[in-house]
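Below, chains carry the letters A, B, ... as their sequence lines are ordered, and counting in each starts from 1.
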Protein chains: 2
Amino acid sequence: MEKEIQIYREFLKSKNLKLTKPRLTILKAIFRNHEHFNVDNLYEQIRKKQSNVSRATIYRTIPLLLESGLIKLSLRCDSKDIYEHSYGHENHLHFICTNCGSIKEASFIKVEKLINQLAVDANFKITEYHLSARGLCENCRKSTDQ
Amino acid sequence: MEKEIQIYREFLKSKNLKLTKPRLTILKAIFRNHEHFNVDNLYEQIRKKQSNVSRATIYRTIPLLLESGLIKLSLRCDSKDIYEHSYGHENHLHFICTNCGSIKEASFIKVEKLINQLAVDANFKITEYHLSARGLCENCRKSTDQ
DNA sequence: AGGTTTTTGAGAATGATTCGCAAGTGCATA
DNA sequence: TATGCACTTGCGAATCATTCTCAAAAACCT
């Protein structure tokens, strides 16, 4: 967590922005646990645990965190954006269960290589991967016999 | 196009729904060309070329087309859903240019194999793939020297 | 053609996200 | 430590895509 705060502080400084209390509150709420999150999660969590921060501020802070590289857009689900930590995390792909909404991650080192090759062929310079598949997770397969 | 109409007709019949004029207009507008589309595109195109159809009807028709397997959700861009033809089309991955918005498709036969293997390992049953990468396309790389 | 059900269009409603603005903070400087 | 100024915040209003409501129109059955 200290590391993330440090990175954030430097990023903000480089943009002539300030590490204010709400910004720090948001950062801590995000890195307190290790799961995917969306604006609502975050808002509720902050509201429960510590000094409130308005939704508007969360919406304004997320682009900063994205730009700093600390988090990234993971996927969209039910017309909400879902984010995940990205500092110190490898890329991976997501298996999203359309039945229970669970998200399972799988490593994609090999997949990445292939895609990079395709990008080279297309003369495309990749900055972000968005790889996911929807379907039924292990549990839901059992319970629905599929 | 005839084939698509046929499939659509049968699908609707199986659901006790009618192949009405607006539904046919929408289907034709979608399959008249071969590009990705969103609700706005479609609405504008129909408005230009033929009898008008309301946005509400387009929004109501898209789930039917999705369920029939004729189109599928391709990706989301600028908080809009973008669809593509899926009948008779292979899966592919998308390279989306964050500069000019262009979408380039790449084959992903090999990628698919790998992902399928990962899904087997995770005991996950895939129904849809959503594979894309963002970055700079060939043209935008040239013009921005990256 | 008459009766029934489905579908449509128009606009209102919704839900997520963004914006505008007045009040509050943080920080540099004196 | 007080002052000034730019950056931030919170609130509620605004926006945008999408969904809903409901009365009128169309399709189908006989």
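- Looking at B:N116 and B:E112, their side chains never bring a donor and an acceptor atom within 3.5 Å of each other.
- When the C1' atoms of four end pairs are superposed on the next four at each end of the helix from C:dA1-D:dT30 to C:dA30-D:dT1, using five pairs per end, the two resulting axes differ in direction by 30°, to 10°.
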Heavy-atom protein contacts under 4.0 Å, nucleotides 7-18 of chain C, coded B base, S sugar-phosphate only, - none: SBBB-----SBB
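- Rounded to whole Å, atom P of C:dT6 lies 21 Å from atom CG of B:L24.
- A donor and an acceptor atom, one from each side chain of A:N41 and A:Q45, are nowhere located under 3.5 Å apart.
- Distance CG (A:L64) to C1' (D:dC7): 12 Å, rounded to an integer number of Å.
- For the residue pair A:Q6 / A:E10, a side-chain donor-acceptor distance below 3.5 Å is found, with atom types taken as modelled.
- Whole-Å rounding puts the A:K13 NZ to C:dA28 C1' distance at 13 Å.
- For the 3.5 Å distance criterion, the side chains of A:N123 and B:K142 fail to qualify, holding no donor opposite an acceptor.
- What separates CD1 of A:I26 from C1' of D:dG10 is a distance of 12 Å, to the nearest Å.
- The aromatic rings of B:F31 and B:H85 are tilted relative to each other, their planes meeting at an angle between 30° and 60°.
- A donor and an acceptor atom, one from each side chain of A:H130 and B:H94, are nowhere located under 3.5 Å apart.
- In this model, no donor atom of one side chain and acceptor atom of the other lie less than 3.5 Å apart for B:R55 and B:Y59.
- Salt bridge status for A:K28 with A:E4: absent, with no side-chain N to carboxylate O gap under 4.0 Å.
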